[in-house]
Every structure is written in structure tokens, then in C-alpha cells.
Novice: 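Below you'll find the structure I mean.
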Amino acid sequence: MRVSRLFLSTLKEAPAEAELVSHRLMLRAGLIRRLASGLYTWLPLGLRVVRKVEAVVRREMNATGAVEVLMPAIQPAELWQESGRWDHYGPDLLRVKDRHDRDFCVGPTHEEVIGDLVRREVKSYRQLPVTLYQIQTKFRDEIRPRFGVMRAREFLMKDAYSFHADKAGLDVTYQAMYEAYSRIFASLGLRFRAVAADTGAIGGTGSHEFHVLADSGEDAIAYCPQSAFAANVELAEALAPSGRRPDASETMRKVETPGKKTCEAVCEQLGCDIRKSIKAVMVHASGKLHMLLLRGDHSLNEIKAAKLPGMERLRLASAEEIKEATGCAPGFIGPVGLSSAVSIIADRSAAALADFVCGANEADYHLAGVNFGRDLPEPAIVADIRNVVSGDPSPDGAGTLELCRGIEVGHIFQLRKKYSDAMNIAFLDEGGKLQTVEMGCYGIGVTRIVAAAIEQNHDARGIIFPAALAPFQVAIVPIGANKSDEVRSVAEQLYQDLNDAGVEVLLDDRDERPGVMFADMDLIGIPYRIVVGERGLKNGELEFKQRREEKAANVRLEQIVEHVCSRLQAEA
RNA sequence: CGGGGCGUAGCGCAGCCUGGUAGCGCGCGUGCCUUGGGCGCACGAGGUCGCGAGUUCGAAUCUCGCCGCCCCGACCA
């Protein structure tokens, strides 16, 4: 490809809307352009990168025995009503009506459609197991699209669905997918981690997420360097502190703490360890208020709390609700002397405290030396409702946890029979008995991977594409082509030779100054650059430089094609 | 939806407080010059100042409403 025909459009300055490095670079390098909130056009250069991701995904999916299909992006409402998700999916589901006033949606995922297909086609256990996948445009009407294609509303996703006669069959494919995903992200040159995950809206039981590690990631991951344990913080279990609770040694006393609304501030004033304070979080669930108790240095994990009986759809209580229940404003509330209308749920770590500090349910006052069983009843419910922190013991009993951040690029689920029961996806087993299928689903955010890869691979000059993702493998930059016939003809010949050798090569044939060409080729992240200039040609040499390196190497003109090919092969 | 901020040339911004002529840098066009890291000089094109009302002799500037976008919280590939 010649730059003059590529429709390449780079920017010196990034549009103000872009916050994240990858977003800025994708705009500056001319990979994408924004059409509307959460909607992006892929320019030719960017589309080539997307195709690279797709190619790796297809190769590995096919290798597992999965077969590709393509389902409609628009789906009839009836299927979603049948699965129950028409009412439960919420506003992320973009609903549309056709000219006959019939309801449809723009697919955010395809369990219903694939389920409908399979129940029509699969009649016998002899047809199982089967795994179908597609690479399709999805639409989720995100509350807040952001970070360019990282969290877009419309995006490209590889989604696969497997169907099995029994759980053992599902386990086999789930494991195969886990391994295929690991190969995909490794092939793409990404530093990633597979973690145990919450199943969210898709539903089901077993689940793993694949995260590209990046400080800008939206997810927090807990992992144990001493073992294989890794889980999304949403899910990672905080173990109960070991040993039994110490005996009470202090008497409860009321202390004045004017304006101290946080555990940090209160403990600082009292000179006490924040790990001996209790923070009370008031939430509303199932029509009543609940006070959640956490150790002062811990934070509430709403997902864990919402899994407790009667706590579904919990939300933080409003200031008015808190005032009504405790007679005091947020910042000074606590579990002592609380109305019995409010149930108390204590985190394991909070429940293990003795002689602790907590709010007095009176503005500008806290209580110190408080003890369960003496100053207030033992908490009715003790559960794991906090986020793990660095240094917590690993749930698998080996070592301690560390935290890092990740970008979720893949997610695999064991759906079991959630959809097959709802939609009656059934087959006849060996005994002629009708059974519903076991089902798994497996997603990869194709377009998100492009952003994640850039997030992980860039420098001050721009993108540094991993080999497998690069839109071109080599860029040829001729210097002074307009005044040197030799430079021009050597560059053209090299362009042709590399193309003939099967190398994806980009020739910068623009009549630009060297600095412009260098800057653009660096910005768009082509892994290798060959400079053709009179300076080198005098000695029969060309310059060959890797994007990550500062220095270029001189290579004999007659050896350059072979040199390039061997370097590319060494990487593959 | 709640909280914060922004909308002025393709991009990045100034002007707005204290109403009166719309400006800078980059990019774009033409010419000259230059040619190994976003070169220099000259000339030039390009703007319903987000939209709609209102106040005023006069509104980019003040007021109100609407729209769009960005950032922080609940969603997720």
C-alpha cells in the first residue's frame, strides 16, 4: 500500500474529547473518527488492525473445532420476551420498531438468536456437542460511553456459543475455550491475566474474564503471586480474620468529633488505628433500610452485598432516609442504639473487632471502646461484603493478595441451562429421553482489543503495534525521492520486492519532508522502517530500524529483503 | 439520571467578566525556498461564535430554554 492511497489522516494535536492515551493515539494516528457518542468510524488504517485481531481470533476459534456463522444484528422482541430479558435487560437494550410497529432490538448479545437456531436444528444427542461463533457488531446503549472504542456503544465482538448433552461436555469445551483465549491474547502480544469473575447480566455459573493489564483499566483484579489465584475484585473473597475476637478491655465512651465525617478524620483526631474503627453504610433494599458495617479502612463491595438474601437491587440510602432512621446526618451514624427497623449486616472483619470506634448517631459525636455483645447486640448477619485489599490472605490459602488493574477483553461463561430451560432448547438423549442442553458462551471484544493493545504499547512518539496487530509490517521512507532518481527507483523496486515476498509493506510516496514522514510512521506504529536515502545508497546500503529501538542498522541493498523476511519470521 | 465542566475556522485555543471591528497557533491552497526528525518567507481560502427566544440602538459577550460533548459515580466485550 502507498501512503498516497491509504486515506491516511494524522493529527498533530488530539481533539480535546480524548482522555485516555489509546483514545488520543487512535485519533491522532487516523485509526478512528467519532461519529456520535459511542459511535466510531474505522478508517482504512484502523480497519486493517481490526482485521488482524479478527484473523487471530478466527484461527484459534477454528482450531478448537468451533464453526463460524453470522446472525442478524437486529433481533425480534419475541425471542427476548421468551428468555425473559426483554423486561430484565434494561435500558442498555436498544429497542426499535419496524414499519409494522413490531418490536425489535439491536442485539447486545446473541443467546436468544443462537438458542432459537439450535433448538430448531438440533434434535439428537448425535448432533452434540457443537460450538458456533460469529464476529458481529453489537449495540449496547451504555449509560456513559467513554475512552473511544474502549467503551463504545457500537462495537465488534466475537461471540461463541457451545451446546452439550451434559455438564461434562460443557466442561471440556469451557476448558478448550479457556486455552484458546489464552493463545489468542498471547498471539496478539498482550500482557494479560485470566481471572475468576462475576457472571453479571448474562447469567450462569462458572465464569472467567480475560484482562489486558493496564493502569488505566476499569476493573480491579486481585491475584496471588504465590499461587494461581486471580479474581475480579467484584468477586474475590475476603476471608474472615483468623483467631477469635479479643475480649473487651475498654468501656464505651462518647467523644466529641466536630466535623469529622470519615473514619480517617475521626481516627486521626483520636490517635487510634483506623483498623479499629467501624464505618456504617446505610443502604436501601427490599423496601427497608440496612446498615452495613465495615472496618474503617475497608470499602463496600455492592455486588457481594447484593447477593445476600433480600438485598437484591440494593442502593445507597439517601441523606433523608438516613436522617429519618438515625436522627442524624451521614458521617456520624453507627450501630449502637439503632432502631430495630434497621437490620445490621457486618462484614467479617468488622465483626471481629473489639474496643472499636464508630458513629454515635448524633452530629459531631462518635463512640469509642465499643464492643459487640455488650454495648450492642451481636450483628444478626456476618458476611463477606467488602472489597479485598492488597495484603489480604489469598482465598486459596496460599500467600497474600496483590491488586492490579485490567481491561476486560474476554469473558467466558458456563450458562448451564439458564437459556435452554427458558427457551426449551432440547434434544433426545441416548435413551430417547427429552433433555435440555447445557450451554456455554464465550465473548471477545474485538475492537476493544485494539484500544487495549495501544494502551499497553506506546511511547511519546505514538503507537508501537505488536507484530500480530500492526496494519503494516514494514514502512519504506524514501528521503529526497523528488530530486533523486536513484532513491525513487530503489524505493519502488524495494516496495515491489517486499510485496512479492508477501510482506505487508507501506511505501511513503508523499512529497513530504523527512521529518513529517518519520513522525507519521512512528505515530502509526509500524514495527519496522526502512529508510532509502542518497547518504546510504552511496555505500549500497539502506537503514533498517525497529520501532522500539533508537538506533538504525545499515543493511546491504541486495540483502534487505532477506533481512526483513528473517526478522519477521523470527517474530512469528 | 445525579454532580462538575465545555461548545468561537478542520484541530488546539484566546476573546466573554467590563456588549460596538472575530483573533492566534496548527492544518489547508498558491508561489518561492528548503530537504535525514512535524523547515522558512509571502500571499490566500475558510466562521449561521451549538440552536432558539429575550434584554439592548447594538449580543460571541448579559438572561432564559433547548441540543451536543467531556469528566466523576451505577453497566460491560
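By convention in this document, chain letters (A, B, ...) are assigned in the order of the sequence lines, proteins followed by strands, and residues within each chain are numbered from 1. Below, each value reflects all heavy atoms present in this structure, side chains not excepted, and no hydrogens, waters or symmetry copies.
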Novice: Between C71(B), G37(B), C75(B), spot the one nearest the side chain of D522(A), thanks.
Specialist: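 In terms of side-chain proximity for D522(A), the closest of C71(B), G37(B), C75(B) is G37(B).
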Novice: Nearest to the R34(A) side chain among C69(B), A77(B), G36(B), which nucleotide is it?
Specialist: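 Looking only at side-chain atoms, R34(A) lies closest to C69(B).
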Novice: Determine the interatomic distance between P on C71(B) and the same-named atom on A59(B); round to the nearest Å.
Specialist: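 Taking atom P in both C71(B) and A59(B), they lie 35 Å apart.
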Novice: With rounding to the closest Å, how many angstrom separate the P atoms on G25(B) and C43(B)?
Specialist: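 My reading of the P atoms in G25(B) and C43(B) gives 12 Å.
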Novice: Work out how far the P atom of U63(B) is from that of C6(B), and round it to whole angstrom.
Specialist: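 It works out to 13 Å between them.
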Novice: Nearest-Å distance, CD1 (I479(A)) to P (G37(B))?
Specialist: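 Answer to the nearest Å: 8 Å.
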Novice: Could you tell me whether E512(A) contacts a base, only the sugar-phosphate backbone, or nothing, with contacts defined as non-hydrogen atoms closer than 4.0 Å?
Specialist: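 Contact class for E512(A): none.
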Novice: Do R33(A) and E17(A) sit within salt-bridge range, that is, some charged N less than 4.0 Å from a carboxylate O?
Specialist: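 Salt bridge between R33(A) and E17(A), a charged N being under 4.0 Å from a carboxylate O: no.
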Novice: Between C67(B) and C13(B), how far is it from one P atom to the other, in whole Å?
Specialist: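 Roughly 25 Å separates the two P atoms.
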Novice: Is R144(A) near enough to C72(B) that one of its side-chain N or O atoms lies under 4.0 angstrom from OP1 or OP2?
Specialist: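 Yes, within the criterion.
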Novice: Using the ring centroid of each side chain, check whether F185(A) and F210(A) are separated by less than 6.0 Å.
Specialist: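 Distance test on ring centres: under 6.0 Å, yes.
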Novice: Assign I143(A) to base, sugar-phosphate, or nothing according to its heavy-atom contacts below 4.0 angstrom with the strands shown.
Specialist: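 If one applies the 4.0 Å heavy-atom cut-off, I143(A) turns out to touch a base.
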Novice: Is a donor-acceptor contact shorter than 3.5 angstrom present between the side chain of R28(A) and the base of G38(B)?
Specialist: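 Side chain to base: pair present.
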Novice: Using the side-chain heavy atoms of P15(A), tell me which of these nucleotides is nearest: G36(B), G12(B), U34(B).
Specialist: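 Looking only at heavy atoms from C-beta outward on P15(A), the closest nucleotide is G12(B).
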Novice: Counting only distance, no hydrogens or angles, is the base of C75(B) paired donor-acceptor with the side chain of R151(A) under 3.5 Å?
Specialist: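 Answer is yes: a donor-acceptor pair is held.
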Novice: So, OP1 or OP2 of G38(B): does either fall under 4.0 Å of a side-chain N or O from K12(A)?
Specialist: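 Result: no.
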Novice: Per the atom types in the model, does the base of G27(B) pair as donor or acceptor with the side chain of E13(A) at under 3.5 Å?
Specialist: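 It does not, because no donor-acceptor pair links the side chain of E13(A) to the base of G27(B) below 3.5 Å.
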Novice: Which is true for A16(A) with a 4.0 Å heavy-atom rule: it touches a base, it touches only sugar-phosphate, or it touches nothing?
Specialist: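 Answer is sugar-phosphate: A16(A) comes under 4.0 Å of backbone atoms only.
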Novice: When we call it a touch if two heavy atoms are under 4.0 Å apart, what does V446(A) touch: a base, just sugar-phosphate, or nothing?
Specialist: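 Touches nothing.
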Novice: Taking the same atom, C1', in C33(B) and in U18(B), what whole-Å distance lies between them?
Specialist: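 One C1' to the other, the span is 47 Å.
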Novice: Quick check for you: among G38(B), G73(B), C69(B), whose closest atom lies nearest to any side-chain atom of V516(A)?
Specialist: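 My answer, after comparing the listed nucleotides, is G38(B).
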Novice: Measure CE/M517(A) against C1'/G36(B) and give the value in whole Å, please.
Specialist: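 About 9 Å, once rounded to whole Å.
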Novice: What interatomic distance, in whole Å, is found between C1' of G50(B) and the corresponding atom of U35(B)?
Specialist: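 After rounding to an integer number of Å, I get 43 Å for this pair.
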Novice: Roughly how far apart, to the nearest Å, are G31(B) and C11(B) at atom C1'?
Specialist: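 Here G31(B) and C11(B) have their C1' atoms 26 Å from each other.
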Novice: Just checking G533(A): base, sugar-phosphate only, or nothing, at a heavy-atom cut-off of under 4.0 Å?
Specialist: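 It contacts base atoms.
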Novice: Over all strands shown, is R33(A) touching base, sugar-phosphate only, or nothing at heavy-atom distances under 4.0 angstrom?
Specialist: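 Touches nothing.
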Novice: Which nucleotide wins on minimum distance to the side chain of R535(A), given the candidates U34(B), G38(B), G36(B)?
Specialist: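 Nearest nucleotide to the side chain: G36(B).
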Novice: Closer than 4.0 Å, any side-chain N/O of T447(A) to the OP1 or OP2 of A77(B)?
Specialist: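 Answer no for this pair, as no side-chain N or O of T447(A) is under 4.0 Å from OP1 or OP2.
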Novice: Which of these nucleotides, C76(B), C39(B), C71(B), is closest to any side-chain atom of R146(A)?
Specialist: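 So the nucleotide nearest the side chain must be C71(B).
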Novice: Would you call F155(A) stacked on A77(B), i.e. ring centres under 5.5 Å apart with the planes less than 30° off parallel?
Specialist: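 It does: the ring sits over the base of A77(B).
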Novice: Assign each of E19(A) and D520(A) to its nearest nucleotide of RNA chain B by heavy atoms, then name whichever residue's nucleotide is nearer the 5' end.
Specialist: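 Upstream on the strand: D520(A).
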Novice: Measure from the side chain of R529(A), starting at C-beta and using heavy atoms only, and say which of A74(B), G37(B), C76(B) lies closest.
Specialist: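 Nearest to the side-chain atoms of R529(A), counting from C-beta on, is G37(B).
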Novice: Which part of the nucleic acid, if any, lies within reach of A18(A) when heavy atoms closer than 4.0 Å are counted: base, sugar-phosphate only, or nothing?
Specialist: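 Counting heavy atoms under 4.0 Å across all strands, no contact is made by A18(A).
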Novice: Closest approach to the side chain of N482(A), judged atom by atom: which nucleotide of U35(B), A77(B), C69(B) is it?
Specialist: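 Closest nucleotide among those given: U35(B).
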